[in-house]
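All values below were derived from every heavy atom in this structure, side-chain atoms included, with hydrogens, water molecules and symmetry-related copies excluded.
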Amino acid sequence: GGAKGATTRVHRVVGARVRTYLLEKVRVVDQSDGERSFHIFYQALCGSATTMGGDVDLSAFRGMRSVDFRYLRRSSGVALERADDGRDFEATLAAMRTVGFAASEIQDVLRAVATVLHVGNIGFIAPTNNSEGSQVLPDGPDGLPGSPLEAAAELLGLTVGKLQEVLCTRTMRTPGEGVIRMANTVQQATESRDALARHLYHVVFTHIVMRTNRSIGFVDEALFCGVLDIFGFEFFETNSFEQLCINFTNELLQQYFNTFIFENETKLYRSEGIQWSSLEFPNNGGIVDLLQSAPSGIFPMLDEECYVVGGSSSSWHAKLLKTHDKNPNFRSMKHVSDAFIVCHFAGPVTYSVGGFLEKNRDRLSADLVRCLAECRWSFLRARFEEGAVAAADGGSREEASPKMSAMRSRVSRSTESLEFRQQLRDLMAHIRTTSPHFVRCLKPNQLNRPFVEASQGTASKPLFDRRAVAKQLRYQGVLEAIRVSRAGYPVRLLHADFVADFRCLVAPGNLRDRLDAAIRHLSEVNVADAAGIGTASGNRGLPGGTGVDTAAEAARMLLHAPEIGALVANGMPDVSAFGGDSWALGHSRLFLKQGPFHALKAAQSELRNVYATRIQARHRGCLARRSAQTRAVALRAIQACRRSIMARRHVR
């Protein structure tokens with residue numbers, strides 16, 4: 001609210017809400033080279049090695065290192081500069097307490113984090129008499145002592161036999177025989193283990209976000225300001241399902257950015273009464289359709305393959321190649337059989353098809369969901385009870401009959417990409433109701449170091465990779481937006497500002513005097529407006545003595561001055577859909593081409609240098625004369641003193 005009688009309201013923050021889009025659960029079980037998993041794993045391990053945590057039990061981590069866990073082994077040697085895991089762990093605990101987490105809740109969260117790591121240490125081997133089955137290895141990875149299965153079962157609140165059963169076997173409902181139990185292969189058991197770890201981390205993360213939002217509070221009917229944090233297009237040496245989802249998000253946001261910029265340009269030109277011609281604007285609609293258009297889009301085809309009996313990533317890849325063979329935004333690789341290329345707005349990205357189907361399904365088996373919903377650990381049981389109801393209805397069961405599989409796929413289809421696309425639809429609908437502002441963040445170098453190293457002082461060379469920055473500007477659409485702006489009139493100045501800045505280029509005379517008088521009057525009006533005693537602001541009339549009726553007329557007179565006309569003509573205006581006009585006069589602004597504006601600024605700078613040189617010469621001359629006069633007075637005083645001394649000596 002604001003003070004009584006005030007013309008504007010003073011707003012304050014009354015709440016906040018966090019929303020999660022595409023949590024990178026795959027980072028739990030695998031990381032790219034040079035990357036770490038989620039920070040909490042390393043923080044908790046560091047805290048358990050010391051006396052940190054206070055009343056929090058960290059015994060599940062104690063005595064363990066990151067290299068002892070299969071999920072962290074690949075990133076165990078990756079260290080973050082200027083980071084202290086122990087200090088950060090204390091800050092994390094303090095933040096959770098501040099948000100309102102009780103000690104028991106913090107204990108449950110850290111217990112779940114430890115469970116994820118111990119589940120990852122469970123290994124499988126095929127029995128000697130059944131190559132299509134699986135059983136749990138008794139020891140941890142690389143022969144580490146202790147049984148990971150027992151540790152994970154104890155943390156999950158399950159019996160060892162029950163956990164081994166749901167990992168190594170699965171139930172399936174057949175048309176005539178009812179429910180039967182089948183053995184999982186080693187690969188299927190491993191995928192089930194990893195799915196359990198990913199989902200366990202996901203439900204804990206979701207719970208933390210929910211509790212944080214509940215603690216902070218949010219007022220639905222209040223004016224809101226949202227911040228969407230996203231880095232941009234991703235392309236690594238190996239790109240998979242996660243990169244495709246992230247890049248799809250960027251395609252949608254880029255499409256909105258392009259449309260927003262184009263519409264704003266159109267609205268501005270029309271409001272100023274300037275003719276607007278259609279421009280060739282960057283359009284990535286074909287790429288968006290390639291990714292999401294049903295039924296032949298990449299994501300819809302991936303979802304369909306997830307519900308085909310015997311479907312695999314390779315068969316999905318073959319269907320993609322056949323369907324999009326002639327699509328200009330899709331390419332195959334001649335010498336690589338398990339990859340395809342999508343020509344994104346930012347450039348072509350190669351995706352490896354391995355694991356696409358598994359990551360898109362990324363769901364727990366019905367057996368695991370029911371098992372976790374019946375565990376002794378109340379915190380975990382509450383997270384999975386809703387899923388157990390759906391599982392009891394057959395939402396994630398396997399079917400032996402293709403006909404029944406097809407029927408069920410029409411009833412309930414839930415995949416990672418489908419859920420993610422629904423979130424994006426809601427997000428974009430929300431964004432379109434707002435007035436967006438775009439902040440483009442650029443990485444100055446690939447070393448993840450500051451632009452200027454403070455420790456090296458101001459003399460150090462900036463860490464600026466021009467090629468990498470140019471690439472970021474290109475794939476973020478900034479260069480395209482600049483191209484569209486330059487194709488029209490990229491320089492926009494208020495009439496009064498243009499006259500005030502460039503009237504100095506007109507030779508002294510009648511026109512110069514009239515322009516000076518107009519600017520003085522506008523300055524007086526602005527002062528009156530600031531004091532609250534003026535009339536409504538705008539392109540107001542000027543006094544009759546100036547011979548100029550409006551600020552727009554003053555700008556027009558200045559543009560037709562011989563000196564300005566010559567500079568504008570020599571500015572080499574850009575060739576564009578707007579024709580060869582170097583400027584256009586709108587209702588409140590003057591629109592200029594880039595070339596003429598640079599010519600005017602160069603002439604202004606040159607004239608200012610001349611005047612600055614004259615002022616400096618006058619000032620230096622004044623200082624020199626003053627200094628000479630001071631020295632002359634001092635010299636005469638010294639001479640007088642010396643002569644008096646000599647005279648007194650002569651008298652003696």
Side-chain angles (χ1 to χ4, degrees), residues 29 119-138 147-150 152-153 156 158-200 302-316 354-375 384-385 387-416:
V29 301
V119 165
N121 276 358
I122 299 175
F124 302 93
I125 190 174
T128 55
N129 58 347
N130 183 11
S131 61
E132 295 298 319
S134 60
Q135 64 183 24
V136 176
L137 287 170
S147 171
L149 180 66
E150 293 180 0
L156 287 170
L158 298 171
T159 63
V160 173
K162 188 64 176 178
L163 180 58
Q164 179 170 351
E165 178 184 344
V166 294
L167 289 176
C168 296
T169 62
R170 68 188 187 279
T171 58
M172 186 176 70
R173 185 180 296 276
T174 60
E177 301 179 14
V179 178
I180 62 173
R181 182 168 294 278
M182 299 181 62
N184 284 333
T185 63
V186 172
Q187 180 179 354
Q188 290 171 333
T190 302
E191 292 173 356
S192 182
R193 176 202 67 194
D194 292 343
L196 172 59
R198 288 192 296 265
H199 277 74
L200 182 56
L302 179 63
D303 291 341
E304 187 69 26
E305 192 68 20
C306 287
Y307 289 93
V308 172
V309 175
S312 64
S313 297
S314 57
S315 61
W316 167 70
F356 255 82
L357 243 67
E358 291 75 15
K359 293 176 181 178
N360 191 40
R361 290 191 185 109
D362 195 30
R363 63 177 183 269
L364 293 177
S365 66
D367 304 304
L368 263 174
V369 174
R370 287 192 292 267
C371 179
L372 294 173
E374 298 171 357
C375 69
F384 282 91
E385 279 178 347
V389 175
D393 295 332
S396 59
R397 292 180 307 220
E398 294 187 35
E399 302 285 355
S401 168
K403 182 177 179 180
M404 293 186 65
S405 177
M407 291 175 58
R408 181 173 61 81
S409 68
R410 303 297 193 272
V411 177
S412 175
R413 291 194 171 190
S414 177
T415 62
E416 286 292 299

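With rounding to the nearest 0.5 Å, the separation of CE in M182 from OG1 in T169 is 10.5 Å. Taking CD from E305 and CG from L357, the interatomic distance works out to 6.0 Å, rounded to the nearest 0.5 Å. Remark: K359 NZ to T415 OG1 distance equals 15.0 Å, nearest 0.5 Å. Atom CG of residue L158 and atom SG of residue C375 lie 5.5 Å apart, to the nearest 0.5 angstrom. The CD1 atom of I125 lies 5.5 Å from the CG atom of L137; values are rounded to the nearest 0.5 Å. One finds the CG atom of L372 at 11.5 Å from the CZ atom of R370 (value rounded to the nearest 0.5 Å).
Of all non-hydrogen atoms in N184 and A189, the two that sit nearest each other are CB-N, 4.0 Å. Closest heavy-atom contact between N130 and A183: ND2-CB, 4.4 Å. Between C371 and K162 the shortest heavy-atom distance is SG-CG, 3.5 Å.
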Quiz prompt | W316 vs E304, side-chain contact (heavy atoms from CB on, under 4.5 Å): CA-CA, chis, key distance, verdict | solution = CA-CA 9 Å; W316 167 70; E304 187 69 26; over 6 Å; no
Quiz item: Passes side-chain hydrogen bond (donor to acceptor under 3.5 Å, both in side chains), Q188 versus S134? Steps please.
Solution: CA-CA 9 Å; Q188 290 171 333; S134 60; over 6 Å; no
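Partner of F124 under the side-chain contact (heavy atoms from CB on, under 4.5 Å) criterion, out of Q164, R193, Q135: R193 alone.
Using a 4.5 Å cut-off on side-chain heavy atoms (C-beta onward), I122 and V136 make contact.
A donor-acceptor pair under 3.5 Å links the side-chain atoms of D367 to the main chain of T171, judged by distance alone. Side chain of N360 to backbone of C306: no donor-acceptor contact under 3.5 angstrom is found.
Checked for salt-bridge contact, R181 and E165 meet the test: a charged N lies under 4.0 Å from a carboxylate O.
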